[in-house]
Each structure stands twice: as structure tokens, then as C-alpha cells.
Peer 1: 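To start, I am sharing the structure in question, which I have written as C-alpha cells.
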Amino acid sequence: PLVALVLAGGTGTRLYPASRSDRPKQFLPLGGDRSLLAETVARADFADHVVVSTRPAFTDDIADHAPDAEVVVEPAAKDTGPALVYATHRIAASYDDPVVVVLPSDHHVGDGFAEAMTSGARVAADTDSLVAFGVEPTRPETGYGYIEPGADRDDARDLAAFHEKPDAETAARYVDQGYLWNAGMFAWTPEALFSAARDSPLSPLLDALDDGDADAGFAAVEGVSIDYAVMERAADAAVVPADFEWDDLGSWDALERIVDADEDGNVALGDDPVFVDAADNVVATDGATVSLVGVSDLAVVAWGDRVLVVPKEEAQKVREVVSRLKRKE
Ligand code: GDD
Ligand code: MG
């Protein structure tokens, strides 16, 4: 069967203060009526089964946002590498000949998604390659992985090289060279993942899982994302085009790419703000009525008892607020 494996164990920091360590981005409704996780589970209906992967701290939230999904809770939070090896191992034990499609739960995704996922799953099943999904880049974003496409295959191309989160200069070069953004979605058979993981920092976990001791495996394995641990060193991988609207919603300025603006270019999430001589701002609230007068190009967020004001183009720096607050705690 086709099994959608939804990743929902991350802690978003750049969407502070809406996103906090105990309530990360996947549990927020961003631009829709439901949380990003609920949206992700709903759009996974192209698969025969949906499994949600998370860390221990979020089990109650998963029950709220994805009540009907099967849940796999990893023993410890060690990033997506260990989480995906563990969940895929569990899926391999529960289903006959599964093909796994990995879906992050922190994205905005448009039409054509199900077709692309089904096509990627077919390539994974037919070739036993690791399959990534490539998005045409529109800017030299440093928060993404970059894929160098190689020779043509049926419905796919070879994945010639994978580079996770390059610096700004390198990212600009990759965009010029026609590299693709990694959508963070993957398709694989358990055999393909395990054979790649065997040659990777994830091998201590795989060995322990084969011995039936997940706790020992998580104690032994380093915290590392699947992108660094497996994709950057994969010997046999393919890339399928992600021909659908896609946004990672990584920082507040991303809202203007998914929410319609008013005639002055202002974008609002939550209650209607009052704008007087204000243009090209992004406002997000969970109840407060915000008013902006005579300012432009700001992101203003009022959430719970927290307020954030930042120039849109510096929205990535919100990460720094979170680390300073953490030091104060
Ligand atoms: N179960 C589990 N456990 N899930 C996790 C964990 C964990 O320890 N850590 C993160 N996740 C989930 C997040 O909730 C998210 O849905 C997904 O895994 C991806 O993690 P992020 O931390 O958001 O990764 P990223 O955005 O920095 O980078 C990835 O996505 C980019 C596209 O958005 C990479 O795959 C990049 O290459 C890619 O371009
Ligand atoms: Mg992400």
C-alpha cells in the first residue's frame, strides 16, 4: 500500500510569537481554517494509510489535530533522520510492501499535489531509488536544500547532487545553475531507505531497531536531519517535479505570498486591522485589533501576551529573539 508519513515533531522558531516551542507552526491555522497539520492529513487522502510521526511532547496535540491518524512517537527528539528511519521501520513491520511518501506538516501546498506524490511513489516503487520532489526556485533562499538534476529517467531525473541549506552566495549560484529547491517531501520503499541509512550516521539506530531496541538506538544515534544524513550522500536517488504551488511558510513575510493583499498591499491574518496611510505590511493576530498608522513594510504580530514588530525583510532574524528569550528563562 501507499503510506503517507506526516512529519509533525518540529519546533518552528521564526514564526514567534505565534509559534512557540510548546505550540509550533504545524498546530497553527496559517491562512486556512484548520491547523497546518490538519490540512496536511486531509490532503494525504491520495494514500491508503496516514501515519503521523512526532516527538513525545506533542502526542496530545496530535490527538487534537489528527484524531483519525495512526501515530508513531519516537522515543526521543533527534530531528528528522532518526524519526524517519524509526517510523519507516514501524511501517515496514505493519504493512506488506509499503511505499512511503513523507510529508512535512508545515507547508502551504496548492493543486496538483496528489498527482505529483502519486507519480513520485510510482518511481520509488519501480526503481527502489530514494525520490525527492523539486520546486523551481524563485529566490536564493538559504533555509532550503538544493537539488542538482541529472540525466532524464521516466517521469523523473537522476538526483546528481543534494546540498542542504547553503550560504547566501552559494544559494544564488545554485539558482543560476538551474538547481531545484527540495520540497522536503520524499518517497521511498523501506529497503531503499535502509540501504542508504546503513552507510550513514543513522546506522547505529538501524542496527538497534533490527535488534528490537528502539530506546538504545535513539540513545546511540546523533540528532541529524534526513537531508544531511541521507540525501546529501545518497548514491541512488531521483527527483520528481513538484508542479504545484508550494510555500514553506518559514517566516512572517511568507504570509504575503499566500494571503490576498488589500489595495495598499497590506496582508492580515486574524481580526481585521485598521490601516491609516500604511502600506505593504503583514499583520497577524489571534484576537487583538491592531492599528498601523503611517508605516510600511513591517510585520506586526500580536499573539497571546506577546507582540513582535520587525521590518519584513529582516523577518528571518526573529530566530534571534527566540534564542535570547531562551537564555533569559
Ligand atoms: N517526528 C519528528 N521528529 N518530526 C520532526 C522533527 C523530529 O525530531 N524535527 C522536525 N520535524 C518535522 C517538522 O515539524 C516539519 O514538518 C518537518 O519535519 C521538516 O522539519 P523542519 O525543521 O521544518 O526542516 P526545514 O524546513 O529546516 O528543512 C527541510 O524542509 C525544507 C523545505 O521546507 C529540508 O528537507 C530542506 O531540504 C527543505 O528544503
Ligand atoms: Mg520546515
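Whatever order the structure lists ligands and atoms in, that order sets their numbers, starting from 1.
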Peer 1: Classify the angle between the aromatic ring planes of Tyr179 and Tyr174 as parallel (below 30°), tilted (30 to 60°) or perpendicular (above 60°).
Peer 2: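 Tyr179 vs Tyr174 ring planes: parallel.
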Peer 1: Can you tell me the protein heavy atom closest to atom 26 (O) of ligand 1 and the distance?
Peer 2: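 Scanning the protein heavy atoms, the shortest distance from atom 26 (O) of ligand 1 goes to Asp248 OD1, 3.8 Å.
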Peer 1: Identify the heavy atoms of Asp128 and Ala192 that sit nearest to each other, and give their distance.
Peer 2: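 So the two residues come closest at O-CB, 3.3 Å.
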Peer 1: Please report which non-hydrogen protein atom sits nearest to atom 10 (C) of ligand 1, along with the residue it belongs to and the distance in Å to one decimal place.
Peer 2: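 Nearest neighbour among protein heavy atoms for atom 10 (C) of ligand 1, to 0.1 Å: Gly10 CA, 3.4 Å.
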Peer 1: Looking at Asp211, I want to see if its CG is surrounded by more than 12 non-hydrogen atoms of other residues, nucleotides or ligands under 6.0 Å.
Peer 2: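 For Asp211, atom CG is crowded (more than 12 foreign heavy atoms under 6.0 Å).
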Peer 1: Which residue and atom name correspond to the protein heavy atom nearest atom 35 (O) of ligand 1, and how close is it?
Peer 2: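 Protein heavy atom at minimum distance: Asp227 OD1, 2.7 Å.
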Peer 1: Please say whether more than 12 non-hydrogen atoms of neighbouring residues, nucleotides or ligands are located less than 6.0 Å from CD in Glu313.
Peer 2: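 Not buried by this count: 12 neighbours or fewer within 6.0 Å.
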Peer 1: Is a salt bridge present between Arg14 and Asp106, judged by a nitrogen-to-oxygen distance below 4.0 Å?
Peer 2: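 The answer is no: the pair does not qualify as a salt bridge.
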Peer 1: Among protein heavy atoms, which sits nearest to atom 37 (O) of ligand 1, and what does the distance come to when rounded to 0.1 Å?
Peer 2: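 Here the nearest protein heavy atom works out to Glu164 OE1, 2.6 Å.
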Peer 1: When you measure from atom 1 (N) of ligand 1 to the protein, is at least one non-hydrogen atom found at a distance under 4.0 Å?
Peer 2: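 So atom 1 (N) of ligand 1 has protein heavy-atom neighbours under 4.0 Å.
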Peer 1: Backbone or side chain, does any N or O of Ser105 fall under 3.5 Å from an N or O of ligand 1?
Peer 2: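 Such a contact does occur with ligand 1.
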Peer 1: Just going by heavy-atom distances, which of Glu74, Glu232, Met231 is nearest to atom 7 (C) of ligand 1?
Peer 2: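 Selected option, by shortest heavy-atom distance: Glu74.
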Peer 1: Heavy-atom contact check, 4.0 Å cutoff: does His107 meet ligand 1?
Peer 2: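 The answer is yes: ligand 1 sits under 4.0 Å from a heavy atom of His107.
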Peer 1: Which atoms of ligand 1 sit under 4.0 Å from any heavy atom of Thr54?
Peer 2: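 In order of numbering, the contacting atoms are 1 (N).
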Peer 1: Please classify the Gln26 to ligand 1 contact at 4.0 Å (heavy-atom distances, strictly less than): side chain, backbone, both or neither.
Peer 2: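 The part of Gln26 near ligand 1 is the side chain, not the backbone.
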Peer 1: Is it the case that the side chain of Asn281 and the backbone of Ala279 share a donor-acceptor pair, with hydrogens and angles ignored and the cut-off at 3.5 Å?
Peer 2: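 Yes; at least one donor-acceptor contact below 3.5 Å.
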Peer 1: May I ask you to decide if the ring planes of Phe58 and Phe27 are parallel, tilted or perpendicular, using 30° and 60° as cut-offs?
Peer 2: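 Phe58 and Phe27: perpendicular rings.
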Peer 1: What residue and atom, counting heavy atoms only, is the protein's closest point to atom 24 (O) of ligand 1, and at what distance?
Peer 2: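 Scanning the protein heavy atoms, the shortest distance from atom 24 (O) of ligand 1 goes to Lys165 NZ, 4.6 Å.
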Peer 1: Charged N to carboxylate O below 4.0 Å: is that the case for Asp210 and Arg198?
Peer 2: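 Counted as a salt bridge, because a side-chain N and a carboxylate O are separated by less than 4.0 Å.
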Peer 1: Can you name the atoms of ligand 1, numbered from 1 with element, that are less than 4.0 Å from a heavy atom of Arg55?
Peer 2: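 Matching atoms, with element in brackets: 8 (O).
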Peer 1: Is it the case that atom CG in Asp167 sees more than 12 heavy atoms from other parts of the structure closer than 6.0 Å?
Peer 2: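 Count over threshold, so yes.
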Peer 1: Look only at interatomic distance and state if Gly145 has a nitrogen or oxygen under 3.5 Å from any nitrogen or oxygen of ligand 1.
Peer 2: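 Between Gly145 and ligand 1, an N or O pair is found under 3.5 Å apart.
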Peer 1: To which protein heavy atom is atom 39 (O) of ligand 1 closest, and what is the distance rounded to 0.1 Å?
Peer 2: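 Checked against all protein heavy atoms, atom 39 (O) of ligand 1 sits closest to Asn182 O, 2.6 Å.
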Peer 1: Should we say atom CG of Asp272 is surrounded by more than 12 heavy atoms from elsewhere, each under 6.0 Å from it?
Peer 2: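 Open.
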Peer 1: Would you kindly specify which portion of Ala83 sits under 4.0 Å from ligand 1, judged on non-hydrogen atoms: side chain, backbone, both or neither?
Peer 2: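 The answer is the side chain of Ala83.
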Peer 1: Quick one: look up the protein heavy atom nearest atom 30 (O) of ligand 1 and list residue, atom name and how far away it is.
Peer 2: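 Of every protein heavy atom, Gly184 CA, 4.2 Å lies nearest to atom 30 (O) of ligand 1.
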Peer 1: Considering only heavy atoms of Trp246, which atoms of ligand 1 have at least one such atom less than 4.0 Å away?
Peer 2: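 Answer for ligand 1: 32 (C), 33 (O).
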Peer 1: If the plane angle is over 60° it's perpendicular, under 30° parallel, otherwise tilted; pick one for Phe46 and Phe113.
Peer 2: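 It falls in the perpendicular class, over 60°.
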Peer 1: Do you know which N/O/S atom name in Asp106 is closest to the Mg ion (ligand 2)?
Peer 2: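 Closest to the Mg ion (ligand 2) among those atoms: OD2.
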Peer 1: Considering only non-hydrogen protein atoms, determine which one is nearest to atom 20 (O) of ligand 1 and report residue, atom name and distance to 0.1 Å.
Peer 2: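 Ranked first by proximity to atom 20 (O) of ligand 1 is Thr80 CG2, 4.1 Å.
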Peer 1: Does the pair Glu320/Arg324 count as a salt bridge with the N-to-O cut at 4.0 Å?
Peer 2: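 A salt bridge is present here (some side-chain N lies under 4.0 Å from a carboxylate O).
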Peer 1: Before signing off on this row, confirm whether Gly9 and ligand 1 have an N or O atom pair separated by under 3.5 Å.
Peer 2: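 Yes; at least one N/O pair falls below 3.5 Å.
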